[in-house]
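Quick note on labels: first sequence line is chain A, next is B, and so on, each numbered from 1.
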Amino acid sequence: MRGVENLAIAQALVDLADLHELGGTLPFKVRAFRSAARAIEGFGGNVAELARTERLAEVRGVGDGVARRIKELLETGKIAEAEALRAKLPPGLLDLMNLPGIGLKTAQQVWQERNITTVDELEKAAHEGRLRDLPRFGEKREEKLIAAIAAWRKRAAAPKRRPLAEAMVAAEALVAKLSVIPGVLACDYAGSLRRRSETVGDLDILVAASSEDAPRIMDAFATAPGVVELLGKGDTKTSVVLDGGMQADLRVVPRESWGAALQYFTGSKDHNVAMRTLAVKKKLKVSEYGVFDDQGAKIAGEDEAAVYEAIGLTWMPPELRENRGEIEASQKAALPVLVELSDLKGDLHMHTTETDGKSTLDDMAAAAKAAGRSYIAITDHSETLTFVRGMTRERLREQKKKIRETEQRQGIRLFAGIEADILADGTMDLADHLGELEWVVGSVHQKLQMPRDEMTKRVVRAIESGKIDCLGHPTGRQLGQREPSEMDMEVVMAALAKAGVAIELNCSPLRLDVNEHLAKMAREAGVPVVLSSDAHSVRELAYLRYGVGIARRAWLGPEHVLNTRSAEQLQAWRTERRG
DNA sequence: GCCGTTTTCGGCCCGACTGTTTTCAGTCG
Ligand SMILES: Nc1nc2c(ncn2[C@H]2C[C@H](O)[C@@H](COP(=O)(O)OP(=O)(O)OP(=O)(O)O)O2)c(=O)[nH]1
Ligand SMILES: [Mg+2]
Ligand SMILES: [Mg+2]
Ligand SMILES: [Zn+2]
């Protein structure tokens with residue numbers, strides 16, 4: 001329920017902002033509500049839990065005022081202030097405002113001048129040509145409006161944000177295509193994808209080119225295969241809808257603005273606003289074209305790091321650019337060194353054809369070695385998962401022999417491990433056999449929807465069993481498909497820390513479990529994080545890259561990630577804990 | 001409403017695209 005609950009709170013704040021805007025409230029107050037809504041939406045933890053413990057103001061952008069309104073919403077199911085504003089307005093007006101291309105002014109205009117308050121009425125009026133005589137309206141706007149409403153209806157059903165991996169694959173293909181167009185001097189993706197958000201709203205692509213070449217490049221983009229709709233095209237910017245339903249924005253800037261444009265287009269919006277505000281205080285102006293002094297002279301622009309340095313900051317990894325303290329850290333020269341893919345020496349969760357994997361032990365070992373891993377753990381499912389032919393004691397002993405033989409032959413350290421089920425009562429499947437194994441991931445696969453207290457007890461019991469090395473995909477969430485299990489993560493983290501058990505950041509694209517917020521909690525609790533692919537085929541060994549992005553967003557350095565250590569160090573860590 | 005080594009008061013980013021505009025407002029990123 002957590003994701004849903006946070007989203008519902010964020011939506012209530014967006015509505016509150018809209019209602020205030022319609023009611024004529026000061027624009028900066030409206031902006032504050034919208035900013036708080038973004039902060040809540042991007043907050044990976046349990047907002048309701050924060051509210052209970054009076055810690056809402058820890059979220060940047062949420063102060064006492066918004067905290068009070070959130071608590072009211074959670075306690076009573078509504079915000080009285082919003083309801084009072086709503087009562088003064090016709091129902092439907094908010095929907096109207098949220099149509100693409102329609103904002104405050106137009107909604108007010110059609111309401112007051114034409115008595116239109118719903119999307120249906122607006123569509124009808126446009127069809128009948130009853131809008132064209134309004135100020136700043138015309139036939140063309142009527143046509144556009146009809147198309148926009150149709151598109152909005154169609155897209156209302158489709159999921160809006162896409163998982164990071166899906167967006168990355170699509171963006172890399174697009175960048176590859178654009179890069180070979182003559183005149184393209186540089187091309188990369190920016191936006192939430194470059195920041196490695198777990199979900200991505202659209203693709204933001206940046207190109208450096210001369211202004212003479214720009215129109216031809218944008219034409220190529222607008223007519224590329226896979227583009228189903230052109231949303232807009234100007235001198236420097238083109239927006240399209242791709243066949244998967246995702247929107248893509250292309251921005252073309254001169255080479256001398258590449259760094260500033262990359263900075264701008266990478267965001268986040270709140271990071272941009274914060275750093276630009278800082279620049280203003282230093283009598284500087286930052287835009288996508290560069291940094292300019294009070295005489296209008298350009299002092300940076302071609303290089304992204306130089307843009308930050310020009311306003312007294314240092315370059316910072318895109319994953320940190322969320323206005324969650326990175327600007328202050330940069331000012332104090334206290335930015336963390338973040339973990340990188342190349343730091344990962346091993347991969348401690350994967351499956352083979354013994355259970356539900358598609359590749360053999362041999363192939364997995366060879367592929368992992370080729371990918372630069374110096375060790376891996378083979379962790380097939382345990383006996384209770386009969387539908388994937390979970391491993392029995394006998395088969396595990398057989399597999400261990402094969403692992404030893406393969407290890408010799410392939411020249412990569414292999415740990416004979418298991419992904420053992422945490423049963424409903426918190427005991428471990430194959431409990432009496434786990435001591436024979438060299439790496440034990442403990443995971444919940446069945447009965448994911450227990451009451452919060454029961455689930456917490458169940459997981460804590462498994463952690464305290466002394467039989468597991470790492471808690472696998474701790475919340476069980478799957479993006480867009482399954483909400484995280486309810487449990488008290490504070491209690492779970494404390495149990496992990498006490499027992500010396502690691503926590504997994506499962507890098508499988510739809511899992512990314514734990515998420516960035518829980519990964520941060522783990523770091524603060526001193527619980528080592530393991531980045532694992534949970535690969536079910538050789539191809540999926542590459543999933544680690546997605547989890548690295550999430551780990552970096554959680555401000556994790558190599559020292560916080562267990563599988564940055566060598567096989568020997570890992571074994572030492574394990575023995576030390578087992579005492 | 002939020003926030004803070006220039007502020008607990010007084011600020012709060014900046015530019016592109018569209019349609020209708022004869023100089024710009026509205027919306028969006
Ligand atoms: N300075 C400034 N930059 C903005 C603003 N809105 C958006 N940007 C920049 C930062 C964003 O990361 C970038 C791309 O905009 P998007 O709307 O695509 O946002 P983003 O990619 O961050 O998130 P998304 O996953 O697409 O919802 O443009 C703004 O109001 N001001
Ligand atoms: Mg985007
Ligand atoms: Mg965008
Ligand atoms: Zn699993």
Asker: Could you tell me which residues satisfy side chain to side chain donor-acceptor pair (under 3.5 Å) with A:Tyr289, sequence neighbours excluded, listed by chain and number?
Answerer: A:Arg251

Asker: Taking atom C1' in both B:dC28 and B:dC13, compute the distance separating them and give it to the nearest angstrom.
Answerer: 14 Å

Asker: When rounded to the nearest Å, what value does the distance between C1' atoms of B:dT23 and B:dT18 take?
Answerer: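 Looking at atom C1' only, B:dT23 and B:dT18 are 15 Å apart.
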
Asker: Rounded to the nearest angstrom, tell me the gap between atom CG in A:Leu131 and atom C1' in B:dG19.
Answerer: 14 Å

Asker: Taking for each residue the nucleotide of DNA chain B with the nearest heavy atom, is it A:Arg141 or A:Gly63 whose nucleotide lies nearer the 5' end?
Answerer: A:Gly63

Asker: Between A:Lys282 (NZ) and B:dC13 (P), how many Å, whole number?
Answerer: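 Computing the A:Lys282:NZ to B:dC13:P distance gives 17 Å.
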
Asker: Report the residue from A:Arg38, A:Arg553, A:Arg196 that forms a salt bridge (Lys or Arg N to Asp or Glu O under 4.0 Å) with A:Glu322.
Answerer: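 The single option meeting the salt bridge (Lys or Arg N to Asp or Glu O under 4.0 Å) with A:Glu322 is A:Arg553.
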
Asker: At under 4.0 Å between heavy atoms, what does A:Leu99 touch on the DNA or RNA strands: base, sugar-phosphate, or nothing?
Answerer: sugar-phosphate

Asker: Any side-chain N or O of A:Thr277 under 4.0 Å from OP1/OP2 of B:dC13?
Answerer: yes

Asker: Just to be sure I follow the notation: if a pair is Watson-Crick (purine N1 to pyrimidine N3 plus N6-O4 or O6-N4) or a G-U wobble (N1-O2 and O6-N3), each under 3.5 Å, what dot-bracket string does DNA chain B give, with | for pairs to another strand?
Answerer: ((((....)))).((((((....))))))

Asker: Give the nucleotide from the list B:dC12, B:dG1, B:dT20 with an atom nearest to the side chain of A:Val280.
Answerer: B:dC12

Asker: Any donor-acceptor pair under 3.5 Å joining the side chain of A:Arg31 to the base of B:dC2?
Answerer: no

Asker: Check whether any side-chain N or O of A:Thr236 sits under 4.0 Å from OP1 or OP2 of B:dC17, and answer yes or no.
Answerer: yes

Asker: Tell me whether A:Glu49 is salt-bridged to A:Arg52, with the criterion being a basic N under 4.0 Å from an acidic carboxylate O.
Answerer: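 Salt bridge: yes.
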
Asker: Whole angstroms only, please: what is the CZ-P distance between A:Phe265 and B:dC14?
Answerer: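 So the CZ-P distance, A:Phe265 to B:dC14, works out to 19 Å.
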
Asker: Rounded to whole angstrom, note down the P distance from B:dC12 over to B:dT7.
Answerer: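 Going atom to atom, P in each nucleotide, I get 16 Å.
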
Asker: Counting side-chain heavy atoms from CB outward, which of B:dG29, B:dT27, B:dA16 is closest to A:Lys105?
Answerer: B:dT27

Asker: A:Gln108 CD to B:dA25 C1': how many Å, rounded?
Answerer: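 Rounded to whole Å, this separation is 14 Å.
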
Asker: Say whether, by atom type as modelled, one donor and one acceptor occur between the side chain of A:Asp204 and the main chain of A:Ala190 under 3.5 angstrom.
Answerer: no

Asker: Where the side chain of A:Lys285 is concerned, which of B:dC14, B:dG29, B:dG1 is the nearest nucleotide?
Answerer: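 Nearest to the side chain of A:Lys285 among the choices is B:dC14.
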
Asker: Specify the separation, in whole Å, of atom CD of A:Gln331 and atom C1' of B:dT5.
Answerer: 9 Å

Asker: With a 4.0 Å cutoff (strictly under), does any side-chain N or O of A:Lys237 reach OP1 or OP2 of B:dA16?
Answerer: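 Looking at the OP1 and OP2 atoms of B:dA16, neither is under 4.0 Å from any side-chain N or O of A:Lys237.
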
Asker: It should be established whether A:Arg276 places a side-chain nitrogen or oxygen under 4.0 Å from OP1 or OP2 of nucleotide B:dC12.
Answerer: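 It does not, given that no N or O in the side chain of A:Arg276 lies less than 4.0 Å from OP1 or OP2 of B:dC12.
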
Asker: What about A:Lys281: does its side chain form a donor-acceptor pair under 3.5 Å with the base of B:dT7?
Answerer: yes

Asker: Quick check on B:dT27: is either OP1 or OP2 less than 4.0 Å from any side-chain nitrogen or oxygen of A:Thr106?
Answerer: yes

Asker: Any side-chain N or O of A:Arg69 under 4.0 Å from OP1/OP2 of B:dG1?
Answerer: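 Yes, because at least one side-chain N or O of A:Arg69 sits under 4.0 Å from OP1 or OP2 of B:dG1.
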
Asker: Please report the distance separating the P of B:dG15 from the corresponding atom of B:dT8, rounded so that it comes out in whole Å.
Answerer: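 Going atom to atom, P in each nucleotide, I get 30 Å.
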
Asker: Rounding to an integer number of Å, can you tell me how far A:Ile327 CD1 sits from B:dG4 P?
Answerer: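 For the pair A:Ile327 CD1 and B:dG4 P, the rounded distance is 11 Å.
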
Asker: Please classify the nucleic acid contact of A:Tyr264 as base, sugar-phosphate, or nothing, using heavy-atom distances under 4.0 Å.
Answerer: base

Asker: What interatomic distance, in whole Å, is found between C1' of B:dT21 and the corresponding atom of B:dC14?
Answerer: 22 Å

Asker: Specify the separation, in whole Å, of atom CD of A:Gln247 and atom P of B:dT27.
Answerer: 17 Å

Asker: In whole Å, measure the gap between the C1' atoms of B:dA16 and B:dT5 for me.
Answerer: 36 Å

Asker: Looking only at side-chain atoms of A:Lys144, point me to the closest of B:dC17, B:dG1, B:dT18.
Answerer: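 Comparing B:dC17, B:dG1, B:dT18 against the side chain of A:Lys144, the answer is B:dT18.
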
Asker: What integer number of Å spans the C1' atoms of B:dT20 and B:dT27?
Answerer: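 Taking atom C1' in both B:dT20 and B:dT27, they lie 15 Å apart.
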
Asker: Is the closest basic N to carboxylate O distance between A:Asp294 and A:Lys285 below 4.0 Å?
Answerer: no

Asker: Around atom CZ of A:Arg216, are there more than 12 heavy atoms from other residues, nucleotides or ligands closer than 6.0 Å?
Answerer: yes

Asker: Both A:Arg251 and A:Arg60 contact DNA chain B. Taking the nearest nucleotide for each, which residue is further toward the 5' end?
Answerer: A:Arg60

Asker: For A:Phe43, check ring-ring contact (aromatic ring centres under 6.0 Å, His included) against everything at least two apart and list the hits.
Answerer: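 A:Phe43 satisfies ring-ring contact (aromatic ring centres under 6.0 Å, His included) with A:His517 only.
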
Asker: Take a 6.0 Å sphere around CG of A:Asp219 and say whether it holds more than 12 heavy atoms from other residues, nucleotides or ligands.
Answerer: yes

Asker: Under 4.0 Å between any heavy atoms, over every strand shown, what does A:Val30 touch: base, sugar-phosphate, or nothing? Just pick one.
Answerer: nothing

Asker: For side-chain contact (heavy atoms from CB on, under 4.5 Å), just list the numbers for A:Thr223 and A:Val227, CA-CA rounded to whole Å, side-chain angles, deciding distance to a tenth of an Å, and then say yes or no.
Answerer: CA-CA 6 Å; A:Thr223 58; A:Val227 169; over 6 Å; no

Asker: Going by ring centres under 5.5 Å and near-parallel planes (under 30°), is A:Phe137 stacked on B:dT20?
Answerer: no

Asker: So what does A:Asp64 hit on the nucleic acid, given a heavy-atom distance under 4.0 Å: a base, only sugar-phosphate, or nothing?
Answerer: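 Contact class for A:Asp64: sugar-phosphate only.
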
Asker: If you look at every strand shown and take non-hydrogen atoms under 4.0 Å, does A:Leu104 touch a base, only sugar-phosphate, or nothing?
Answerer: sugar-phosphate

Asker: With heavy atoms under 4.0 Å as the rule, sort A:Pro135 into base, sugar-phosphate or nothing.
Answerer: nothing

Asker: Between A:Lys283 (NZ) and B:dT6 (P), how many Å, whole number?
Answerer: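 Interatomic distance, NZ of A:Lys283 to P of B:dT6: 13 Å.
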
Asker: Measure from the side-chain heavy atoms of A:Asp249 and tell me the nearest of B:dT20, B:dG29, B:dC2.
Answerer: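 Out of B:dT20, B:dG29, B:dC2, the nucleotide with an atom closest to A:Asp249's side chain is B:dG29.
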
Asker: Does any non-hydrogen side-chain atom of A:His20 lie less than 4.5 Å from one of A:Val30?
Answerer: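 They are in contact (side-chain heavy atoms under 4.5 Å apart), so the answer is yes.
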
